[in-house]
Amino acid sequence: MVVRIGVLALQGDVREHVAALGRLGVEATTVRRPAELDAVDGLLLPGGESTAMIRLATVSGLLQPLRDRIAAGMPAYGVCAGLVLLSTGAVLDGERQQQTVGGLDVTVRRNAFGRQVASFEGPVDVDGVGEVHGVFIRAPWVERVGPGVEVLATVRPGAPGAGKVVAVREGPVLATSFHPELTGDARVHGLFVEIVRAHAGSEKKERR
Ligand code: GLN
């Protein structure tokens with residue numbers, strides 16, 4: 001079954017994700033408007049600037065449809081700023097009263113690794129995927145995980161932010177602090193594609 005996965009294309013590194021998903025044999029499209037959101041089986045929220053994206057989502061009329069779709073169980077994958085967007089509750093070190101889309105019961109700290117190590121790279125062990133090359137760029141980390149949230153990866157000992165949670169999953173919602181689209185390694189995107197396929201399959205069965 002060919003599934004269609006959207007990449008939220010308000011701002012940020014959209015092209016790299018469309019390319020990575022396309023290589024996995026799914027139909028990858030950009031999403032800027034509510035009608036485009038209606039047409040996808042899952043949505044990837046890319047890295048960029050979460051404050052800019054939430055502002056653009058608000059003015060383009062996409063914020064409420066995004067909230068509704070994700071609350072209704074659409075699979076979503078948030079990368080870096082996308083993780084901030086998917087978090088519920090207050091964003092630590094966010095803008096004053098920074099809004100989010102929600103869907104993932106975690107609290108994140110924005111730009112958490114601090115100025116000295118605003119960006120770094122290193123190996124990360126992701127449950128169900130294996131060791132990946134983690135690229136962190138002004139990345140958030142997860143400070144609180146809700147009871148339904150599975151921790152998929154923490155920072156290795158000796159690295160900046162050692163022990164901090166940097167990959168999580170809650171049902172069909174996946175998020176990473178790091179950027180797999182910049183590594184040429186499609187395994188994390190592959191995990192998301194599997195989630196979308198399983199979900200699209202079960203939706204079809206329910207309709208029958
Ligand atoms: N610091 C950015 C934010 O809070 C995220 C950076 C990124 O996505 N690379 O939105």
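Both ligands and their constituent atoms are indexed starting at 1 by order of listing. Note: hydrogens, waters and symmetry copies are ignored here, and every other heavy atom, side chains too, is used. Computed from a prediction, not measured in an experiment: that's the story for all the values here.
Taking both residues in full, the closest heavy atoms of Phe178 and Val166 are given as CE2-O, 3.6 Å, listed atom of the first, atom of the second, then distance.
The residue from Ser177, Pro46, Gly48 that puts a heavy atom closest to atom 5 (C) of ligand 1 is Gly48. Here atom 7 (C) of ligand 1 lies nearest to Cys80 when heavy atoms of Ala112, Cys80, Gly94 are compared. When the heavy-atom distances from atom 3 (C) of ligand 1 to Glu49, Arg138, Arg109, His179 are ranked, the shortest goes to Glu49.
Taken from CG in Leu152 to CG in Leu174, the straight-line distance is 6.5 Å, to the nearest 0.5 Å.
Residue Gly47 has no N or O atom closer than 3.5 Å to an N or O atom of ligand 1. Backbone and side-chain nitrogen or oxygen atoms of Ile137 are examined, and one is located within less than 3.5 angstrom of a nitrogen or oxygen of ligand 1.
Taking every non-hydrogen atom of Ser50 and a distance limit under 4.0 Å, the qualifying atoms of ligand 1 come out as 3 (C), 4 (O), 10 (O). Within ligand 1, counting atoms from 1 as listed, the ones closer than 4.0 Å to a heavy atom of Asn111 are 1 (N), 2 (C).
Here the side chains of Met74 and Leu43 are in contact, with some heavy-atom distance below 4.5 Å. Annotation: side chain of Ile137 is in contact with side chain of Leu182 (closest heavy-atom distance under 4.5 Å).
Checked by atom type and distance alone, the side chain of Glu194 never pairs as donor or acceptor with a backbone atom of Leu191 at under 3.5 Å.
Looking from atom 4 (O) of ligand 1 to the surrounding protein, the closest heavy atom is Arg110 NE, 2.6 Å.
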Decide side-chain hydrogen bond (donor to acceptor under 3.5 Å, both in side chains) for Gln98 and Ser50; before the verdict, give the C-alpha distance in whole Å, the side-chain angles of both, and the deciding distance to 0.1 Å.
CA-CA 9 Å; Gln98 183 170 337; Ser50 55; 3.0 Å; yes
